[in-house]
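Shown next, in structure tokens, is the structure this report addresses.
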Amino acid sequence: MNNEEPPIFTYSQPGKIGVNLPAAGVETTPLPTELLRQDDLAGFPELTEPEVIRHFTRISQRNYSIDTGFYPLGSCTMKYNPKLHEEAARLPGFAAAHPLQDEELSQGALQLMYELQTYLGEISGFDAVSLQPAAGAQGELTGILVFRAYHLDRGDTQRTEVLVPDSAHGTNPATAAMVGLKVIELKSDARGNVDLADLKAKLSPRTAGMMLTNPNTLGLFEEHIVEICRLVHEAGGLMYGDGANFNAILGIAKPGELGFDFMHYNLHKTFTTPHGGGGPGSGAVGCTAALAPYLPGPRVRRRDDGRYEFFTPEKSIGRMKAFHGNFGMLVRAWTYIRSMGATGLRAVSETAVLNANYVRVMLKDIYPQAIDRICMHEVVLRGQIAGAPKDVRTLDIAKRLIDYGFHPPTIYFPLIVPEALMIEPTETESKQTLDHFIATMRRIAAEAVETPEVLHAAPTKAPVRRLDEVRAARQPILRYDAAAIARLQSE
Amino acid sequence: MTHYIPITDADRREMLKAIGVEQIEDLFIDVPESHRFPPLNLPPALSEPELMAELNRLSELNAHARRYSIFLGAGAYNHFVPAAVDQILRRGEFYTAYTPYQPEISQGTLQAIFEYQSLICALTGMEIANASHYDGATALAESAIMALNVVRNRRKIVVARGVNPQYRAVLRTYLQGLDVEIVGDETPGASIADALAHVDEQTALLIVQNPDFLGRLHDLRGLGAQVQARGALLAIHFDPIALGLFQTPAEAGADIATGEGQPLGLGLAFGGPYLGIFTTRQKYVHKIAGRIVGVTKDVDGRMAYVLTLRAREQDIRRERATSNICTNQGLMALASAVYMSLMGKRGMRMVAEITYQRAHYAAKRIASLPGYRVLADQPFFREFVVQCPRPVAEINAALRAQGIIGGYDLSADEPQLGNAMLIAVTEMNSPAEIDRLVAALAEV
């Protein structure tokens, strides 16, 4: 894992090729010479297949992954990605079907999409589902565009504000801004809930809606959720549910029944589609019947004759992307739901919450819990260890975990918790793994007191040590440039 | 207990005891009681063999490239995917990793993205590329948002009619809350020159596509200078396979170039996941959306890769971020990097050339059929318009019976062309397959 691997460009030798292509085999048409590119693909490497495979295999080994270890990254739900799903998505009728082929030639794909819409609606308590958004943030954009369209359609033109708690993911305020709406931040109270007095003070005829993650980013179930939804609705606003933490409440509660009007599902979190080193995801969305006419199309419906077809809702905000969504992710999510069933899904959330609470009680005597309550699928602790020097920070604890073979938790988030360590074990980890992690965290706390320099120096066992991030930003090298890299290395 | 949950009953009892509750239900007391533990009406769980059988059944209800000859494109193309690409994608180290926020243990993903950025720059001639968008359509929409931030106090976007109609729709969805005027694509058959005529002192961006939606290649040299002279930016949506042979967006003077990376080894996948390619000039690096990987050193002086210039992103900048994008299409960027590395300089050119030659062979054969007319007054790359003797839907139904998926029916998008079909030909369509298409068209 520690083998350095040079950039692929350094292997290039003129004349090599890594593919075996057919001859054109037809009479030749002259190329329009005035339209040809002038540079002969300068900078493109030339390698054979074995060289390419070895290069990418070697760099893959410089990565941490779920398949190689515990990945308790809070709010990211790094749970096991079942291997069956990878086979499913590669079946030729899914992997090699054209998105615009006739609906009559796509009935299997449409049936799968229709069923997934139905299942997601049932699990969350919503009437309608669109599978089009490509990621959670795009689901948010979809929802806020739908809110805007709904209000305008009713002649309600003054609703220009979106309420967002101070514990929210950054995508929430960024999304509202993309729709041209003003973000109003809400305070959290001492128990980690939305501060009701602050909410009441900020609701107004300008409120388009509120975006809320529940359980929130403190890993806590919002204790006043029904009351919050009632207040927002009374003010004429709509409730957006950020589904990033949905893994906590499958079969435990349905957002649609709690009073949410709209939510996105992160199929790449809750429903096991792989994170892929940063994507692709899928941010399918669900909503109430009142908002369904505004959803992006195409959605899938079942005709009276049992055939499936695409349709676009009558007042649709429009398309969010080309074609029908990240279909390969939909196949995986469908497979997961059919594999787990209702009982299995509830066991997922029960176990995810059990595992998080177990980590919580085993660590909170050393790492103070941000808010001392029973948590849901993740727990937020503070990297403030009694007796340790002040310059031992959460970052040092995280980097030391790497030396012990663990991926660090999410750190410094939510922003309202100083030195936050946000730990989400997920349900796919064994008690042995959790115990090993707990013991390691306790050992690191002891090191923080006794040998803090070890934490500052960490990691020492990863492929590289701490990086000069300031240099990366001040003198950016954003593409392969042999001279710039040589300069960097000679400094 | 399921095969994905490794907690035993004994473990659970021990853990509940440690937590200090009697039963698992006690962990959910914060959920309002009347809403707690709702029944889920889902079909019964299936075992793995049962599931695979059901998945196979659904898969085989679809037409696909292994059973049909595909002459359909319109934004998704049946290009060759070397077997080596999927072998790399199947590595758990890549596909079960998260966004590389901890660079010390994410060097694999970071290096792959850096190489992707570098390959895309070499392919397009552009100076910088980000780590990807959801697809070509959303990359194009983000180009408009970036232009509105770069060119201050201008609220007009001009988009040429030749841009994929689905992409133009996405552009309008994205901008609907931002008080922006989008013009230039209203008139059927409108040209790039017509769009350029709309570029005025209120315009932030002109967007064109090359080859355009109808497959035509345009000589865009000098267009960037013309647009920039009016104080606006130029965005070109390119086709990555065409760039194996033809003019780059940089040669046309583009400020922004976006592309759909699907043809670079991703397969058809019924529309996704695909790959949104975004490139621009170095000077706009602080204005772009999404992630970027750069090179630096660790404390021991070893070369290393890291996400950089992150002060643009939503998790840091919140409502002042350049975009809300978080998750992107990282694994698809990896796939395209493997594809481009395998192809190399020669392979990229060969794929483009085989595609061009076979498309032109098909066009010539079809043009010789009575009742058919090929619109080829301009150079084209992979797709061309055929005016047919009967409605395209009828022709495609007849082709289907012969195991052929015909071209895209243009009657809704470009009704002025009559019974027009957009036919796509790639290196996957053998000469014999093209001959079968021609024979089938002759019969209908």
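In what follows, chains carry the letters A, B, and so on, assigned in the order in which the sequence lines appear, proteins first and then strands, with residues in each chain numbered from 1.
- Classification of Glu46(A) and Arg346(B) as a salt-bridged pair fails, no side-chain N sitting under 4.0 Å from a carboxylate O.
- In this structure, the portion of Ile145(B) lying under 4.5 Å from any heavy atom of chain A is its side chain and not its backbone.
- Proximity to chain B (any heavy atom under 4.5 Å) is shown, for Met320(A), by both the backbone and the side chain.
- Heavy atoms closer than 4.5 Å to chain A are found in both the backbone and the side chain of Gln357(B).
- Contacts between Ile402(A) and chain B at a heavy-atom distance below 4.5 Å involve the side chain alone, from C-beta outward.
- Comparing Ala65(B), Ala137(B), Gly267(B) by how many heavy-atom pairs each has under 4.5 Å with chain A, the most go to Ala65(B).
- By the 4.5 Å heavy-atom criterion applied to side chains, Asp102(A) and Asn396(B) are not counted as neighbours.
- Salt bridge Arg62(A)/Glu93(B): absent, no basic N to carboxylate O contact under 4.0 Å.
- Of the atoms belonging to Lys16(A), it is backbone heavy atoms, and not side-chain ones, that fall under 4.5 Å from chain B.
- Heavy atoms of Val293(B) lying under 4.5 Å from chain A belong exclusively to its backbone.
- Aromatic ring orientation, Phe270(B) versus Phe327(A): perpendicular (interplanar angle above 60°, classes split at 30° and 60°).
- With a threshold of 4.5 angstrom between heavy atoms, Glu54(B) approaches chain A through side-chain atoms but not through N, CA, C or O.
- Val226(A) touches chain B through its side chain: at least one heavy atom from C-beta onward sits under 4.5 Å away, while N, CA, C and O do not.
- A donor-acceptor pair shorter than 3.5 Å can be found between the side chains of Ser60(A) and Arg91(B).
- Taking the six-membered ring for Trp and thresholds of 30 and 60 degrees, Tyr80(A) and Tyr4(B) have ring planes inclined between 30 and 60 degrees apart.
- Proximity to chain B involves both the backbone and the side chain of Val353(A), based on heavy atoms less than 4.5 angstrom apart.
- Between the side chain of Lys297(B) and the backbone N or O of Ala472(A), no donor-acceptor pair lies under 3.5 Å.
- The closest side-chain heavy-atom distance from Leu123(B) to Arg37(A) is below 4.5 Å.
- Ile19(B) touches chain A through backbone and side chain together, each having a heavy atom under 4.5 Å away.
- Ion pairing between Arg466(A) and Glu104(B) fails under the 4.0 Å rule for side-chain N and carboxylate O.
- Contact annotation for Tyr71(A): only side-chain heavy atoms (C-beta onward) come within less than 4.5 Å of a heavy atom of chain B.
- Chosen from Asp315(B), Val299(B), Ile405(B), the residue pairing most often with chain A at heavy-atom distances under 4.5 Å is Val299(B).
- For Asn56(B), the parts lying near chain A are the backbone and the side chain together; criterion is any non-hydrogen pair under 4.5 Å.
- In this structure, chain B has a heavy atom under 4.5 Å from the side chain of Leu345(A), while its backbone stays farther away.
- With chain A as the partner, the residue from Ile29(B), Leu72(B), Leu61(B) showing the most heavy-atom pairs under 4.5 Å is Leu72(B).
- Atom-to-atom distance recorded for Ile374(A):CD1 and Phe28(B):CZ is 10.0 Å, nearest 0.5 angstrom.
- Ser132(B) does not touch chain A: none of its heavy atoms, backbone or side chain, sits under 4.5 Å away.
- Of the two parts of Gln138(A), the backbone and the side chain both hold a non-hydrogen atom closer than 4.5 Å to a non-hydrogen atom of chain B.
- If you measure heavy-atom distances from Glu115(B) to chain A, the contacts under 4.5 Å come from both the backbone and the side chain.
- Between Arg90(B) and Glu87(A), at least one side-chain N (NZ, or NE/NH1/NH2) sits under 4.0 Å from a carboxylate O, which counts as a salt bridge.
- Of the residues Lys254(A), Arg346(A), Glu122(A), the one that meets the side-chain contact (heavy atoms from CB on, under 4.5 Å) test with Pro38(B) is Lys254(A).
- With a 4.5 angstrom heavy-atom cutoff, Pro379(B) touches chain A only via side-chain atoms.
- Between Phe323(A) and Asp135(B), every side-chain heavy-atom pair lies at or beyond the 4.5 Å cut-off.
- Options Gly271(B), Gly125(B), Gly344(B) differ in how many heavy-atom pairs under 4.5 Å they form with chain A, and the most are formed by Gly271(B).
- Contacts of Leu73(A) with chain B are made by side-chain atoms alone, with heavy-atom separations under 4.5 Å and no backbone atom involved.
- Using a 4.5 Å cut-off between heavy atoms, Tyr167(B) contacts chain A through its side chain alone, with no backbone atom that close.
- The choice from Gly301(B), Pro82(B), Ser323(B) that makes the most heavy-atom pairs within less than 4.5 Å of chain A is Ser323(B).
- Using a 4.0 Å cut-off between charged side-chain N and carboxylate O, Asp30(B) and Arg373(A) make a salt bridge.
- For Leu51(B), the part sitting under 4.5 Å from any heavy atom of chain A is the side chain, from C-beta outward, and nothing else.
- In this structure, chain A has heavy atoms under 4.5 Å from both the backbone and the side chain of Val351(B).
- When heavy atoms are compared at a cutoff of 4.5 Å, Ala322(A) approaches chain B by way of both its backbone and its side chain.
- Contact of the Phe56(A) side chain with the Leu334(B) side chain is registered, since non-hydrogen atoms from C-beta on lie closer than 4.5 Å.
- With a 4.5 angstrom heavy-atom cutoff, Ala109(A) touches chain B via backbone and side-chain atoms both.
- In this structure, chain A has heavy atoms under 4.5 Å from both the backbone and the side chain of Phe37(B).
- Per-residue counts of heavy-atom pairs under 4.5 Å with chain A were compared for Met340(B), Glu60(B), Arg317(B), Gln87(B); the largest is that of Met340(B).
- You'll find the side chain of Leu478(A) reaches within 4.5 Å of the side chain of Thr308(B), heavy atoms only.
- With a 4.5 Å cut-off on non-hydrogen atoms, Gln111(A) touches chain B through its side chain but not through its backbone.
- For a residue to count as touching a neighbouring chain, one of its non-hydrogen atoms must lie under 4.5 Å from one of that chain's; by this rule Arg36(B) touches chain A with backbone and side chain alike.
- Of the atoms belonging to Pro459(A), it is side-chain heavy atoms, and not backbone ones, that fall under 4.5 Å from chain B.
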